[in-house]
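Treat the numbers as computed from the prediction; the structure is a model and nothing was measured. If you read the sequence from its start, that first residue is 1, and numbering goes on from there.
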Amino acid sequence: MMIIPEDHIEQSLEASLDHCIKCNICTAACPVSAVTDLFPGPKYVGPQAQRFRHARQPSPDESVDYCSGCRVCNEVCPTGVRIAELNARARARLVAERGIPLRNRLISRSGLVGRLGAGPHAPIANALLGSKPLRMVIERTLGIAREAPLPAFSRYTFRSWFRRRRAPQIDAGTPKRQVVYFHGCSANYYEPWIGKAVVAVLEHNGFEVLLPRQRCCGLPLLSNGDFAAARRAHEENVAFLAPYALRTIPIVGASTSCTLTLKEEAPELLGMQSDTVRAVAQQTYDIFEFLRLLHMRGELRTDFRPIERTLPYHPPCQLRAHRIGRPALDVLELVPGLRLIETHAGCCGIAGTYGLKVEKYRISMDVGAPLFETVRRSGADMALCDSETCRWQISHGAGVVARHPIEILAEAYGLVT
């Protein structure tokens with residue numbers, strides 16, 4: 001089976017090579033090559049190596065597996081070479097030729113792991129994963145670093161809470177506005193309180209929240225080179241979401257990784273460009289991107305309570321890849337008394353599942369060290385970040401609670417305590 005099709009995306013990536021002017025800006029900005037010699041830099045494993053990657057030639061340099069996929073190279077490239085996509089496809093070729101290791105197969109299936117661990121038995125699962133002797137066994141047998149920040153499973157899923165709750169009644173005279181919530185694996189299995197905050201904020205602003213079926217967005221599969229499984233996941237999500245997107249009902253998510261995958265990563269990396277795929281992509285919004293749009297239209301409620309706090313805010317790499325600015329900062333600056341300070345400290349290092357791997361754990365911590373130090377020096381006991389894996393990494397590295405900005409907004413509305 002052809003895993004990486006010779007499609008127009010491949011041709012577009014090949015064509016972008018000619019725009020590389022070998023300026024080395026991508027390597028200078030790369031957070032991974034700055035801390036390890038195992039990754040020679042985006043230019044070398046990206047556009048430079050790509051010229052030699054052809055069907056009858058040996059597999060690409062294995063150092064491409066040390067690319068974390070943070071997309072900083074794409075952000076800084078002055079000529080628009082799509083280096084992160086080149087590296088992702090090169091990694092997928094390695095997997096297609098050599099197979100995917102059991103460890104990568106396991107950690108890239110967030111939905112399966114979540115279903116196994118979340119529920120009434122979660123305390124047992126969490127106790128087992130908190131056991132140092134067991135983590136050592138897992139490290140030796142599977143290659144998942146014993147120190148890596150694994151999230152705790154929830155005793156209930158967000159979807160089970162959503163089914164049981166009683167939705168607020170919308171006045172008969174109020175125009176009916178609907179929005180689809182794509183909760184992703186983290187809100188469903190690990191942090192259901194974030195899903196609750198999203199629903200509370202949207203309903204406070206007069207929306208009926210819809211919750212169609214959905215699968216993992218597929219980003220962990222893409223990051224680990226399992227393009228065949230990622231394609232199946234995206235095809236299912238498009239089938240679930242397209243009926244709403246074609247009716248121009250917005251699809252919002254609070255995980256910047258999930259929304260970026262629906263918008264761009266899956267269609268581009270997998271070469272999926274049908275009308276329904278594009279419709280889903282065009283109707284997908286990050287939650288704060290959506291709320292900022294409401295505010296620009298004069299439709300966002302601003303009945304906020306004062307929150308007298310100063311907190312560090314880290315915009316994750318996947319949010320920066322959206323190219324939408326800092327919508328959380330734009331919206332939260334409306335809250336009286338609240339002051340957010342952007343960290344400007346680069347990548348946290350975790351890069352989804354990258355920092356869980358024993359051979360990459362130390363690299364991820366070294367990459368995130370400037371961010372951890374910035375958060376610690378702020379003196380705050382809490383940091384804000386839109387990405388779930390980045391929050392887990394910040395708490396692990398900086399030793400403070402990391403929360404999603406939507407939790408603060410819900411608090412400002414008086415919707416949570």
> Any ion pair linking D330 and R326 (charged N to carboxylate O, less than 4.0 Å)?
Replying inline: no
> Applying side chain to side chain donor-acceptor pair (under 3.5 Å), which residue pairs with at least one partner in residues 243-256 are found, sequence neighbours left out?
Replying inline: S255-E388
>> With heavy-atom distances below 4.5 Å as the criterion, would you say the side chains of I394 and C385 are in contact?
In response: yes
> With a 4.0 Å cut-off, would you call R377 and E373 a salt bridge?
Replying inline: yes
> For the atom pair CG (L356) and CD1 (I350), what is the distance rounded to the nearest 0.5 Å?
Replying inline: 5.0 Å
> Atom CG of D286 and atom CG of L262: how far apart are they, to the nearest 0.5 Å?
Replying inline: 12.0 Å
> How many angstroms lie between atom OG of S33 and atom CZ of F39, to the nearest 0.5 angstrom?
Replying inline: 6.5 Å
>> Check D381 with R309, please: is the shortest side-chain N to carboxylate O separation under 4.0 Å?
In response: yes
>> Please tell me whether F207 and Y181 form a close aromatic pair, meaning their ring centres lie under 6.0 Å apart.
In response: no
> Are any non-hydrogen side-chain atoms of Q393 and C348 less than 4.5 angstrom apart?
Replying inline: yes
>> Any carboxylate oxygen within less than 4.0 angstrom of a Lys/Arg side-chain nitrogen, looking at D386 and R391?
In response: no
> Of R82, R320, E85, which meets side-chain hydrogen bond (donor to acceptor under 3.5 Å, both in side chains) against N74?
Replying inline: E85
> Are W392 and Y190 near enough that their ring centres are under 6.0 Å apart?
Replying inline: yes
>> Quick check for you: to the nearest 0.5 Å, what is the distance between E235 atom CD and N237 atom CG?
In response: 10.5 Å
>> I'd like to check the side chain to side chain contact (heavy atoms under 4.5 Å, CB included) partners of E203; sequence neighbours left out, ordered by chain and number.
In response: R165, A167, P168, V199, V209
> When rounded to the nearest 0.5 angstrom, what is the spacing between CD in E236 and CD in Q214?
Replying inline: 12.0 Å
> Hey, mind stepping through K196 and E407 against salt bridge (Lys or Arg N to Asp or Glu O under 4.0 Å) and telling me if it holds?
Replying inline: CA-CA 9 Å; K196 291 180 180 180; E407 297 179 78; over 6 Å; no
>> Run H295 and L334 through side chain to side chain contact (heavy atoms under 4.5 Å, CB included) and show every step you take.
In response: CA-CA 10 Å; H295 181 60; L334 302 172; 3.7 Å; yes
> Is there side-chain contact between E299 and R177, with at least one heavy-atom pair below 4.5 Å?
Replying inline: yes
>> Rounded to the nearest 0.5 Å, what separates atom CD in E342 from atom OH in Y313?
In response: 7.5 Å
> Looking at R93, R91, R98, which hits salt bridge (Lys or Arg N to Asp or Glu O under 4.0 Å) with E62?
Replying inline: R98
> With a 4.0 Å cut-off, would you call E359 and R103 a salt bridge?
Replying inline: yes
>> Is there a salt bridge (Lys or Arg N to Asp or Glu O under 4.0 Å) between R323 and E264? Walk through the geometry before answering.
In response: CA-CA 11 Å; R323 302 180 296 279; E264 187 174 307; 2.8 Å; yes
>> Tell me whether K360 forms a cation-pi arrangement with Y66, defined as NZ or CZ under 6.0 Å from the six-membered ring centre and within 45 degrees of its axis.
In response: yes
